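Reading through the structure tokens given below for one structure.
Positions are given from 1, in the same order as the sequence printed here. Not measured: the values here are computed from a predicted model.
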Amino acid sequence: PPAPASAPAAPTEPPPRALGPPPLGPISPAPRAESRRATAAVCPEECDVPADTILAPLREALAACRPAVQKQVCDDIGRRLTVLGDAWTQGKLSAPVRKRMSLLVQELQQQHWDAADEIHRSLMVDHVNEVTQWLVGVKRLIAETRSLPRAEQAVVTESSAEAGPGQEEP
């Protein structure tokens, strides 16, 4: 006679394996810890930069764009730079965002447009909630500065370099 429905059936085979074998070789967290220390050692120089060190070159670029760009566009960029400055001075920006903005400004000053765009994209992808109010203005500023005639771009680069740290004459 068949077994009653309430009695559990005895398993005849082990259940199938859902996972493969564990990975071979040691798993070492040491390289990550070292890279964090290296980032922390580099970060104070680049992350604890005063807001003006970042904003001054951006505002100079905006000033260079004013003759060639619609007033409304320049005003919008200016408002967004103010939001960036406020967030920076109030400590609302994380160290990675401050570091990348420092790098972005350096690339902008050196007229490395593609590198500046790439940093902009990485900020937008990795830190969207933190940068959404002002990064659109920085992107537009990169685009407008890139489209300036070469002579006006050079003015932005030279004036930013003169004001840079370590550039003073003895």
Side-chain angles (χ1 to χ4, degrees), residues 29-168:
R32 288 188 194 133
E34 288 171 13
S35 68
R36 279 192 204 117
R37 271 186 242 117
T39 302
V42 170
C43 203
E45 298 160 10
E46 295 177 359
C47 297
D48 293 336
V49 174
D52 284 343
T53 304
I54 299 303
L55 290 170
L58 295 174
R59 289 193 176 120
E60 288 171 11
L62 178 58
C65 290
R66 283 201 184 272
V69 180
Q70 291 180 351
K71 182 183 184 316
Q72 181 179 358
V73 171
C74 290
D75 291 348
D76 181 61
I77 293 171
R79 278 191 297 275
R80 291 177 189 274
L81 291 181
T82 299
V83 171
L84 165 60
D86 291 346
W88 194 292
T89 56
Q90 293 170 11
K92 292 182 178 178
L93 300 180
S94 64
V97 169
R98 294 190 312 265
K99 180 177 181 179
R100 287 190 203 175
M101 277 306 298
S102 179
L103 294 171
L104 187 150
V105 167
Q106 290 173 20
E107 298 295 355
L108 187 66
Q109 289 173 321
Q110 296 171 14
Q111 298 180 14
H112 297 158
W113 314 120
D114 293 337
D117 274 336
E118 189 59 38
I119 295 167
H120 156 267
R121 270 192 291 282
S122 74
L123 280 166
M124 205 57 178
V125 169
D126 297 340
H127 303 281
V128 67
N129 292 334
E130 205 171 336
V131 303
T132 193
Q133 292 182 327
W134 50 266
L135 196 58
V136 173
V138 174
K139 176 189 170 82
R140 185 69 187 262
L141 185 58
I142 294 168
E144 296 298 346
T145 306
R146 177 184 230 165
S147 66
L148 287 176
R150 286 277 181 206
E152 292 179 40
Q153 289 176 0
V155 170
V156 171
T157 306
E158 290 167 10
S159 64
S160 298
E162 290 170 8
Q167 301 290 326
E168 300 168 23

Atom of [X], atom of [Y] and distance for their closest heavy-atom approach:
{"X": "V49", "Y": "W88", "value": "O-NE1, 2.8 Å"}
{"X": "L141", "Y": "L58", "value": "CD2-O, 3.3 Å"}
{"X": "L123", "Y": "V97", "value": "CD2-CA, 3.9 Å"}
{"X": "V131", "Y": "M124", "value": "CG2-SD, 3.9 Å"}
{"X": "H120", "Y": "I142", "value": "CB-CD1, 4.4 Å"}
{"X": "P57", "Y": "D52", "value": "CD-O, 4.1 Å"}

Check your understanding: Does E130 have any salt bridge (Lys or Arg N to Asp or Glu O under 4.0 Å) partners at least two apart in sequence or in another chain, and if so, which?
Key -> none
Practice item. State which residues pass salt bridge (Lys or Arg N to Asp or Glu O under 4.0 Å) with R140; sequence neighbours excluded, sorted by chain then number. Key: E144
Check your understanding: Which residue pairs pass the salt bridge (charged side-chain N to carboxylate O under 4.0 Å, His left out) test with at least one member in residues 80-92, sequence neighbours excluded?
Key -> D76-R80
Check your understanding: Do any pairs count as a salt bridge (charged side-chain N to carboxylate O under 4.0 Å, His left out) and have a residue in residues 105-121, sequence neighbours left out, and if so which ones?
Key -> D114-R146, D117-R146, E118-R121
Check your understanding: What pairs with S122 under side-chain hydrogen bond (donor to acceptor under 3.5 Å, both in side chains), at least two apart in sequence or on another chain?
Key -> R100
Side chains of residues 61-73: which donor-acceptor pairs under 3.5 Å do they make with residues two or more places apart or in other chains?
{"from": "R66", "atom 1": "NH1", "to": "D75", "atom 2": "OD1", "distance (Å)": "3.4"}
{"from": "K71", "atom 1": "NZ", "to": "D75", "atom 2": "OD2", "distance (Å)": "2.6"}

